[in-house]
Amino acid sequence: MNSARAHLILSIVLIGVLCEPVLADEPSIAIEVFTDSMNPVANGADGITVYHIDRIDRLQQELSKDLPANPEAAKQTALHRFQRMDNKLSHELENAANGLVQAMQYGIDRYPAMVFDGKAVVYGITDVRAATERYRQWQAGEARP
């Protein structure tokens with residue numbers, strides 16, 4: 001066996017050994033976070049869905065800021081501002097709207113809230129790690145989320 005092939009095999013074995021604890025970890029949890037601009041998410045991770053449900057209200061405030069007193073001029077100014085909306089803002093509004101719909105489907109009546117696997121809600125926490133620990137405790141029968 002040549003040294004390049006031996007090196008490749010050794011690398012593959014090491015990668016398998018080093019990655020095994022990650023693969024053997026607990027099954028992934030679907031996490032949805034419902035929050036607002038005043039309650040940022042802490043210890044977030046890839047794969048979680050974060051809904052900023054106050055974004056629609058904040059856009060309305062931005063669109064109506066310093067509008068002229070004349071109703072027709074105010075309407076035109078607001079329309080012009082709305083038409084200048086970029087893709088980022090459009091995605092933020094879509095996220096907020098989807099979050100509001102999803103919150104209604106889950107029966108969430110306040111935020112911040114985190115929904116785990118679509119079946120358990122932890123209220124009042126924006127730290128993903130802490131809320132996940134509370135959820136795991138509940139699953140184990142130790143505490144209620």
Side-chain angles (χ1 to χ4, degrees), residues 4 7-145:
H7 185 359
L8 176 64
I9 291 172
L10 181 59
S11 296
I12 292 171
V13 170
L14 284 175
I15 289 172
V17 170
L18 293 174
C19 292
E20 186 175 346
V22 173
L23 298 175
D25 202 4
E26 296 180 36
S28 65
I29 301 170
I31 302 173
E32 295 169 280
V33 182
F34 299 83
T35 191
D36 62 4
S37 58
M38 300 301 290
N39 295 291
V41 176
N43 295 314
D46 290 340
I48 67 169
T49 302
V50 178
Y51 297 110
H52 292 96
I53 57 179
D54 69 333
R55 187 61 181 114
I56 294 171
D57 290 336
R58 290 187 297 126
L59 175 65
Q60 285 179 323
Q61 292 171 359
E62 292 170 22
L63 289 175
S64 62
K65 184 178 180 180
D66 299 325
L67 287 176
N70 178 299
E72 188 58 37
K75 179 181 173 182
Q76 291 302 317
T77 301
L79 182 61
H80 183 264
R81 290 176 184 174
F82 192 75
Q83 289 172 336
R84 290 188 342 197
M85 187 171 57
D86 62 2
N87 282 341
K88 180 180 181 282
L89 181 57
S90 179
H91 287 356
E92 289 175 9
L93 292 175
E94 182 180 353
N95 170 275
N98 289 338
L100 289 171
V101 169
Q102 200 62 1
M104 286 178 20
Q105 289 178 343
Y106 288 137
I108 293 173
D109 58 358
R110 62 192 178 278
Y111 54 86
M114 282 190 217
V115 176
F116 293 88
D117 290 332
K119 60 186 173 187
V121 181
V122 175
Y123 287 103
I125 300 175
T126 57
D127 184 315
V128 174
R129 196 174 301 139
T132 302
E133 181 59 31
R134 188 169 289 182
Y135 171 68
R136 290 187 197 279
Q137 288 172 349
W138 171 76
Q139 278 188 313
E142 297 173 24
R144 188 173 173 203

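Reckoned from all heavy atoms, side chains included, excluding hydrogens, waters and symmetry mates. Just so we're clear, the structure is a prediction, and the values are computed from it rather than from any experiment.
Partners of Arg58 under the salt bridge (charged side-chain N to carboxylate O under 4.0 Å, His left out) rule, at least two apart in sequence or in another chain, are Asp54.
We find the CD-CD distance between Gln137 and Glu133 to be 4.5 Å, quoted to the nearest 0.5 Å. For the atom pair OG (Ser37) and CD1 (Ile53), the distance works out to 10.5 Å, reported to the nearest 0.5 Å. To the nearest 0.5 angstrom, Asn95 atom CG is 9.5 Å from Leu100 atom CG. A distance of 10.0 Å separates OG1 in Thr132 from CD in Gln139, rounded to the nearest 0.5 Å.
Each of Ile48, Val122, Thr49 was evaluated against Val33; a single residue qualifies, Ile48, per the side chain to side chain contact (heavy atoms under 4.5 Å, CB included) test.
Of the possible polar contacts, one joining the Thr126 side chain to the Pro40 backbone as a donor-acceptor pair under 3.5 Å is found. Between the Asn43 side chain and the Asp127 main chain, no donor and acceptor come within less than 3.5 Å of each other.
The shortest heavy-atom contact between Ala130 and Ile125 is CB-CG2, 4.3 Å. Considering every non-hydrogen atom in both Ile31 and Met114, the closest pair reads CG2-SD, 4.3 Å. Listed here is the closest heavy atom pair of Ile56 and Ala97: CD1-N, 4.0 Å. Considering all non-hydrogen atoms of both residues, Gly44 and Val128 come closest at CA-CG2, 3.9 Å. Pairing each heavy atom of Leu63 with each of Arg81, the nearest pair is O-NH1, 2.8 Å. Of all heavy-atom pairs between Thr35 and Pro112, the closest is OG1-CB, 4.1 Å.
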Item to complete: List the steps, then state whether side chain to side chain contact (heavy atoms under 4.5 Å, CB included) holds for His80 with Thr77.
Response: CA-CA 5 Å; His80 183 264; Thr77 301; 5.7 Å; no
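Among residues at least two apart or in separate chains, there is no salt bridge (Lys or Arg N to Asp or Glu O under 4.0 Å) pair with a member in residues 93-112. Contacts classified as ring pair (Phe, Tyr, Trp, His ring centres under 6.0 Å) and involving residues 92-116 (residues at least two apart or in different chains) are given here: Phe116-Tyr135. Listed by first and then second residue, the side-chain hydrogen bond (donor to acceptor under 3.5 Å, both in side chains) pairs involving residues 63-75 are Glu72-Gln76 (not counting sequence neighbours). Residue pairs that meet the salt bridge (Lys or Arg N to Asp or Glu O under 4.0 Å) test with at least one member in residues 84-93, sequence neighbours left out, are Arg55-Glu92, Lys88-Glu92. The list of ring pair (Phe, Tyr, Trp, His ring centres under 6.0 Å) pairs with a residue in residues 35-77, not counting sequence neighbours, reads Phe34-Tyr51.
The shortest side-chain heavy-atom distance between Leu59 and Leu89 falls under the 4.5 Å cut-off.
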